[in-house]
Amino acid sequence: MTGLTLSSADLDPRRRRILFRCWHRGLREMDLVFGQFADNELPGLSEADLDEFERIMDEEDNDLVRWILGTLPVPEYLQTPLFKRVAAYKPDFEEVAERLGITR
């Protein structure tokens with residue numbers, strides 16, 4: 001299993017599982033946000049960051065997308081540096097479309 005740019009072949013089992021979960025969310029928008037974040041950041045996350053990232057991923061996709069888009073206030077327990085990094089991450093939708101062979 002791979003992301004768009006990150007192969008799971010060189011990842012430890014925990015990171016492979018997280019990469020898969022990031023690209024197989026309930027909402028395609030969240031696949032793109034979490035998936036591209038994981039492709040770029042997963043190898044460098046500490047064990048503590050992985051713990052927190054998994055807690056974030058356990059939240060409902062509909063809530064996550066609203067928090068990330070700013071249509072709902074982020075709960076206090078998620079107001080952490082890692083969540084802010086995820087929420088600030090702006091996936092490159094053009095790159096995704098090109099890699100998937102989608103033309104406009």
Side-chain angles (χ1 to χ4, degrees):
M1 175 53 54
T2 61
L4 286 182
T5 60
L6 179 65
S7 170
S8 62
D10 297 326
L11 298 176
D12 61 77
R14 183 180 189 192
R15 283 179 171 79
R16 271 184 272 191
R17 184 179 65 249
I18 291 171
L19 181 62
F20 181 87
R21 285 183 65 199
C22 286
W23 281 107
H24 296 86
R25 304 291 306 171
L27 294 174
R28 187 64 182 148
E29 293 86 353
M30 294 313 301
D31 289 351
L32 295 172
V33 171
F34 277 108
Q36 288 191 44
F37 178 84
D39 276 1
N40 291 316
E41 309 256 353
L42 189 61
L45 293 178
S46 69
E47 291 298 314
D49 286 340
L50 291 175
D51 291 341
E52 182 180 348
F53 192 46
E54 287 183 310
R55 284 191 299 272
I56 292 168
M57 288 192 307
D58 286 341
E59 297 290 335
E60 292 293 325
D61 278 342
N62 288 320
D63 293 333
L64 283 165
V65 76
R66 288 180 183 112
W67 296 328
I68 289 172
L69 293 175
T71 58
L72 280 179
V74 177
E76 188 173 326
Y77 68 92
L78 284 177
Q79 293 178 12
T80 65
L82 183 61
F83 185 83
K84 289 176 184 175
R85 278 173 52 197
V86 173
Y89 192 78
K90 302 296 182 214
D92 185 346
F93 293 105
E94 293 296 324
E95 176 185 343
V96 173
E98 182 179 311
R99 287 180 182 267
L100 296 176
I102 299 170
T103 58
R104 293 179 175 204

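Since the model is a prediction, treat every value here as computed from it, not as a measurement.
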Undergrad: State plainly whether the residues Arg28 and Asp31 are in salt-bridge range, i.e. N to O under 4.0 Å.
TA: yes
Undergrad: Look at the side chain of Arg15 and the backbone N and O of Leu45, then say whether any donor-acceptor pair between them is shorter than 3.5 Å.
TA: yes
Undergrad: Which heavy atom in Ile68 sits nearest to a heavy atom in Ala87, and how many Å separate them?
TA: CG2-O, 3.9 Å
Undergrad: Quick one: does any side-chain atom of Arg55 pair with a main-chain N or O of Leu78 as donor and acceptor, under 3.5 Å?
TA: no
Undergrad: Suppose we screen for side chain to side chain contact (heavy atoms under 4.5 Å, CB included). Which residues come up paired with Arg17, at least two apart in sequence or across chains?
TA: Arg14, Glu54
Undergrad: Within a reach of under 6.0 Å around CD of Glu60, are more than 12 heavy atoms found that belong to other residues, nucleotides or ligands?
TA: no
Undergrad: Is there a donor-acceptor pair under 3.5 Å between the side chain of Arg66 and the backbone N or O of Thr71?
TA: no
Undergrad: The criterion is side chain to side chain donor-acceptor pair (under 3.5 Å); which residues satisfy it with Glu41, sequence neighbours excluded?
TA: Arg85
Undergrad: Going by heavy atoms in the side chains, are Leu64 and Glu29 under 4.5 Å from each other?
TA: no
Undergrad: Let me confirm one number: the CD1-CG distance from Ile56 to Leu82, rounded to the nearest 0.5 Å.
TA: 4.5 Å
Undergrad: What are the two closest heavy atoms between Ala38 and Cys22, and how far apart are they?
TA: CB-SG, 3.7 Å
Undergrad: What residue pairs, at least two apart or across chains, pass ring-ring contact (aromatic ring centres under 6.0 Å, His included) with a residue in residues 42-83?
TA: Phe34-Phe53, Phe37-Phe53
Undergrad: Are the side chains of Leu19 and Asp39 in touch, meaning some heavy atoms are under 4.5 Å apart?
TA: yes
Undergrad: How long is the straight-line distance from CE of Met30 back to CE of Met57, given to the nearest 0.5 Å?
TA: 10.5 Å
